[in-house]
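See structure below.
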Amino acid sequence: MATHLIVVEHQSGKLNKASLSAFAAAAKVGGDLHALVLGQGVGEIAKAVAPYAKKVHVGEHAGVKDRLAQPYAKCITDVANAIGATHVWAAASNAGKDLMPRVAARMDAAMASDVSAVVDEKTFKRPMWAGNVIGTVELTTAKKVITVRPTEFTAPAAGAAGEVASVSVDPGASKMSFVKFDAVVSDRPLLQDARVIVAAGRGVKGPEGIKTVLEPLADTLSAAIGASRAVCDAGWAPNDWQIGQTGKVVAPELYFAVGLSGAIQHVAGMKGSKCIVAINKDPEAPIFQVADYGLVGDLFKVIPELTEAIKKAKG
Amino acid sequence: MKFLVTVKRVTDYEAKVKLKADKSGVETAGVNMIVNPFDEIAVEEALRQKDKTGGGEVVVCSIGSADATAQIRSALAMGADRGILVKHDGAIDPFHVARVLQKVVEKEKPDVVLMGKQAIDDDSGQAAQILAELLGWGQATSANTVTLEGGKATVVREADGGLETVACELPCVITADLRLNEPRYASLPGIMKAKKKPLDELTPDALGVKVENRVVVKGFEEPAQKKAGQKVADVAALVDKLKNEAKAL
Ligand SMILES: Cc1cc2nc3c(=O)[nH]c(=O)nc-3n(C[C@H](O)[C@H](O)[C@H](O)COP(=O)(O)OP(=O)(O)OC[C@H]3O[C@@H](n4cnc5c(N)ncnc54)[C@H](O)[C@@H]3O)c2cc1C
């Protein structure tokens with residue numbers, strides 16, 4: 001029977017909810033679910049995931065206070081081996097992408113990245129070529145490492161709280177050190193968690209366009225704001241806002257693509273959205289091919305009107 | 001300083017991706033092939049860092065069929081000094097890519113290995129981190145800014161929720177993100193010179209690596225198609241649809 005270890009991610013004292021998708025994916029294989037929380041002062045995080053696991057292992061050590069791939073890979077591997085894990089899972093977040101291949105190497109396990117479906121205990125589906133192709137991959141090693149595309153797995157239902165126990169970890173010698181983290185501060189919901197996303201394309205013409213035109217719409221809908229690569233590259237928005245093949249993958253209930261052409265690299269990160277609205281002045285823009293509702297027009301005119309109309313409609 | 005940079009031959013990001021008729025893979029016949037865009041950024045970074053740190057050597061390595069020579073030559077035309085083709089026909093998984101690179105690193109002894117953060121074809125994003133672990137080196141993925149100074153690499157990484165700075169002792173492995181730099185275009189003299197630059201050919205076998213893939217692609221399929229949407233005439237119609245049809249407001 002499979003024994004799973006799910007690596008739980010957290011940031012600034014908060015659970016990254018994307019981790020829950022890894023529990024959901026592991027549950028599809030079946031077997032015992034263990035979780036691992038590394039860090040310092042992470043008792044609350046452990047409690048938060050206890051309802052999804054049989055046992056939560058808490059590894060606290062000064063050497064894992066900051067998430068660094070080298071010491072983390074060692075600690076995760078040690079715990080995985082100690083519990084006889086057959087599968088080690090994490091969300092395909094930036095941190096998961098950084099860390100898990102290293103865990104795979106250390107465990108001598110094959111790895112499947114960013115999987116969108118679980119076929120059986122060794123077979124997984126995953127998007128390739130910016131999501132234009134879905135590949136079915138088989139991992140032939142006894143131990144397996146998998147990162148999970150969070151938008152493809154709904155968070156599991158909470159069960160009875162599992163046991164929480166501390167585990168001693170030894171980060172070992174490391175050739176890397178943490179310097180600092182400059183967080184993007186925002187009062188808005190996180191892109192990954194938002195019910196509604198308003199995404200800015202180059203058509204917004206500058207940071208002013210985001211501020212004066214998109215923000216009021218986002219405020220009205222309590223939405224997160226995202227962006228195309230072009231917008232991030234231009235420095236009009238933080239890099240963290242980039243949605244796409246090489247940015248974040250999101251799937252909100254409602255997605256507004258504003259002044260955004262809809263290049264496949266962008267679409268790869270948002271086509272799973274429930275309802276897509278495109279506003280673009282070019283009727284031929286490829287974004288209209290993926291949009292549920294398209295409106296051809298000048299965003300500087302359309303978006304303020306839309307904001308007012310939505311305010312009214314919501315009463 | 002000495003840099004080892006990896007370049008993968010991939011389908012052009014502007015080309016339409018289509019499965020072969022028998023669904024055995026992605027159609028490459030008649031499709032333009034390029035250097036993986038992230039690898040191109042890695043090459044550019046190595047060239048700039050070589051200048052900044054007072055010279056050295058930039059060696060580019062590709063693992064692939066003989067056709068990948070073209071991608072190595074592109075990197076040489078940008079200004080890299082020397083190329084290595086590790087000739088391998090057919091599929092090779094990230095673990096074996098890393099094993100081959102480990103052997104190349106042991107031969108070449110670079111101070112920094114620079115790679116793309118992912119290849120835009122299989123989108124795995126594993127090889128660099130596996131390599132770092134096999135070598136016991138530090139790693140910095142998704143690099144936005146790299147500073148090589150005082151025997152270490154200080155790297156600003158594009159992380160979730162902000163920018164993270166880490167320091168790695170040299171030698172280390174760094175992967176390039178999109179905003180690390182803007183790669184130069186090869187000049188005509190650069191292209192001419194590239195033709196004469198040394199390009200060695202090796203094989204995984206010769207490096208002592210047996211390729212027995214542990215990630216095996218069993219098949220490909222097209223993603224589910226979204227049903228066609230509709231254009232609406234004006235803002236009032238849009239709000240009506242969102243409210244009453246999609247029930248998304
Ligand atoms: C390796 C690689 C990785 C990439 N990864 C990503 C990624 O992860 N995410 C991503 O987004 N991109 C990515 N890209 C870039 C992608 O190919 C496109 O270049 C980018 O998405 C274009 O951004 P855009 O739609 O904002 O800009 P453009 O393509 O320039 O589109 C601007 C749009 O705005 C419209 N417009 C202009 N003015 C107005 C107006 N007043 N009112 C209404 N509409 C207006 C125009 O009609 C046009 O359609 C990647 C590219 C490469 C090579």
Side-chain angles (χ1 to χ4, degrees), chain A residues 11 68-70 73 93-95 97-98 101-102 104-106 110-114 123 127-141 175-184 229 233 239-240 246 253-254 265 271 275 290-296 302 305-306 309-310 313-314, chain B residues 11 13 17 19 26 93-95 98 118 120-126 129-130 132-134 136-139 141-142 144 154 158-169 172 178-179 214-223 226 229-232 235-236 238-239 241-243 246 248-249:
Chain A
Q11 184 76 53
L68 286 168
Q70 195 172 20
S93 59
N94 180 287
K97 290 177 184 173
D98 180 49
R102 197 151 182 148
R106 200 168 175 97
M111 170 168 170
S113 302
D114 205 13
T123 318
M128 299 163 89
W129 275 269
N132 284 296
V133 170
I134 309 293
T136 300
V137 298
E138 183 184 314
L139 306 183
T140 62
T141 47
K175 303 269 172 64
M176 19 183 339
S177 56
F178 176 82
V179 179
K180 63 172 179 165
F181 183 66
D182 297 313
V184 176
R229 171 188 174 184
D233 280 7
N239 301 334
D240 178 52
T246 57
E253 298 278 320
L254 182 55
Q265 292 87 5
K271 69 176 170 190
C275 178
V290 295
D292 296 283
Y293 303 111
L295 180 52
V296 179
V302 170
E305 265 181 53
L306 178 64
I310 289 177
K314 291 177 70 158
Chain B
T11 50
Y13 60 87
V17 181
L19 281 181
V26 164
D93 68 11
F95 174 76
Q118 75 194 73
I120 60 162
D121 49 5
D122 69 26
D123 282 332
S124 282
Q126 298 181 17
Q129 299 91 310
I130 295 175
E133 179 62 30
L134 293 176
W137 293 3
Q139 73 180 50
T141 56
S142 304
N144 175 281
T154 305
E158 293 201 7
D160 289 328
L163 292 173
E164 181 187 71
T165 310
V166 297
C168 297
E169 282 171 33
C172 69
L178 290 169
R179 282 165 282 272
R214 29 168 82 180
V215 181
V216 181
V217 182
K218 297 302 235 187
F220 294 96
E221 61 196 280
E222 265 134 27
K226 235 187 115 98
Q230 46 183 302
K231 287 222 175 84
V232 294
V235 165
L238 176 58
V239 174
K241 294 277 185 195
L242 287 177
K243 191 169 175 188
L249 284 183

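What you see below is based on every heavy atom in this structure, not just the backbone, and it leaves out hydrogens, waters and symmetry mates. Quick note on labels: first sequence line is chain A, next is B, and so on, each numbered from 1. Note that this is a predicted model, so its numbers are computed, not measured.
Nearest approach of A/Ser113 to B/Asp123, heavy atoms of both residues: CB-O, 4.5 Å. Shortest non-hydrogen contact noted between A/Ala73 and B/Glu133 is CB-OE1, 4.3 Å. Closest of all the heavy-atom pairs between B/Ile130 and A/Pro101 is CG1-O, 3.5 Å. Contact between A/Ala110 and B/Val215 at its shortest, heavy atoms only, is CB-CG2, 4.0 Å.
Ranked by heavy-atom pairs under 4.5 Å with chain A, the list B/Pro94, B/Gly125, B/Ala132 is led by B/Ala132. When A/Thr136, A/Val137, A/Val184 are compared by the number of non-hydrogen pairs under 4.5 Å with chain B, A/Thr136 comes out ahead. Between chain A and the options B/Val239, B/Leu134, B/Asp93, B/Asp122, the largest number of non-hydrogen pairs under 4.5 Å is found for B/Asp122. Heavy-atom pairs under 4.5 Å with chain B were tallied for A/Phe181, A/Phe178, A/Trp129; the largest tally goes to A/Trp129. Interface check for chain B: of the options A/Leu306, A/Leu139, A/Leu295, the most heavy-atom pairs under 4.5 Å are formed by A/Leu295. Top candidate by heavy-atom pairs under 4.5 Å with chain A, chosen from B/Gln129, B/Lys231, B/Arg214, is B/Arg214. Between chain A and the residues B/Glu169, B/Lys226, B/Glu221, the most heavy-atom pairs under 4.5 angstrom are made by B/Glu221. When each of A/Asp240, A/Val296, A/Val302, A/Val290 is checked for heavy-atom pairs under 4.5 Å with chain B, A/Asp240 comes out on top. Among the candidates B/Leu19, B/Thr11, B/Val26, the residue making the largest number of heavy-atom pairs closer than 4.5 Å to chain A is B/Val26. Listed options A/Asp233, A/Thr141, A/Asp114, A/Ile310 were ranked by heavy-atom pairs under 4.5 angstrom with chain B; first place goes to A/Asp233. In terms of heavy-atom pairs under 4.5 Å with chain B, the best-connected choice from A/Arg229, A/Lys271, A/Glu305 is A/Arg229.
Side chain of A/Glu253 to backbone of B/Leu249: no donor-acceptor contact under 3.5 angstrom is found. Although no hydrogens or angles enter the test, the distance criterion places a donor-acceptor pair under 3.5 Å between the side chain of B/Gln126 and the main chain of A/Met111. Looking only at distances, a side-chain donor or acceptor of A/Gln265 sits under 3.5 Å from a matching main-chain atom of B/Tyr13. Side-chain N or O atoms of B/Gln139 include one that pairs as donor or acceptor with a backbone N or O of A/Asp98 at under 3.5 Å.
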(message) As a quick check of understanding, evaluate side-chain contact (heavy atoms from CB on, under 4.5 Å) for A/Lys175 and B/Cys172, giving each step before the final call.
(response) CA-CA 8 Å; A/Lys175 303 269 172 64; B/Cys172 69; over 6 Å; no
(request) Begin from the C-alpha positions of B/Gln118 and A/Thr246 and carry the test side-chain hydrogen bond (donor to acceptor under 3.5 Å, both in side chains) through to its verdict. (result) CA-CA 8 Å; B/Gln118 75 194 73; A/Thr246 57; 5.6 Å; no
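For a residue to count as touching a neighbouring chain, one of its non-hydrogen atoms must lie under 4.5 Å from one of that chain's; by this rule B/Lys241 touches chain A with backbone and side chain alike. For B/Lys218, the parts lying near chain A are the backbone and the side chain together; criterion is any non-hydrogen pair under 4.5 Å. Contacts of B/Phe220 with chain A are made by both backbone and side-chain atoms, with heavy-atom separations under 4.5 Å. Of the atoms belonging to B/Ser124, heavy atoms from both backbone and side chain fall under 4.5 Å from chain A. For A/Ala104, no part lies under 4.5 angstrom from a heavy atom of chain B. Within the 4.5 angstrom heavy-atom criterion, only side-chain atoms of B/Leu238, from C-beta onward, approach chain A.
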Let me have the donor-acceptor pairs involving side chains of residues 158-166 of chain B, under 3.5 Å, with sequence neighbours excluded, atom names and distances please.
from: B/Glu158; atom 1: OE1; to: B/Arg179; atom 2: NH2; distance (Å): 3.0
from: B/Glu158; atom 1: OE2; to: A/Asn239; atom 2: ND2; distance (Å): 3.1
from: B/Glu158; atom 1: OE2; to: B/Asn144; atom 2: ND2; distance (Å): 2.9
from: B/Glu158; atom 1: OE2; to: B/Arg179; atom 2: NE; distance (Å): 3.1
from: B/Asp160; atom 1: OD2; to: A/Asn94; atom 2: N; distance (Å): 2.9
from: B/Glu164; atom 1: OE1; to: B/Arg157; atom 2: NH1; distance (Å): 2.6

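Atom CE of residue A/Met128 and atom CD1 of residue B/Ile120 lie 12.5 Å apart, to the nearest 0.5 angstrom.
Between B/Thr141 and A/Lys97, every side-chain heavy-atom pair lies at or beyond the 4.5 Å cut-off. Looking at A/Cys275 and B/Leu242, their side chains come closer than 4.5 Å, going by heavy atoms from C-beta outward.
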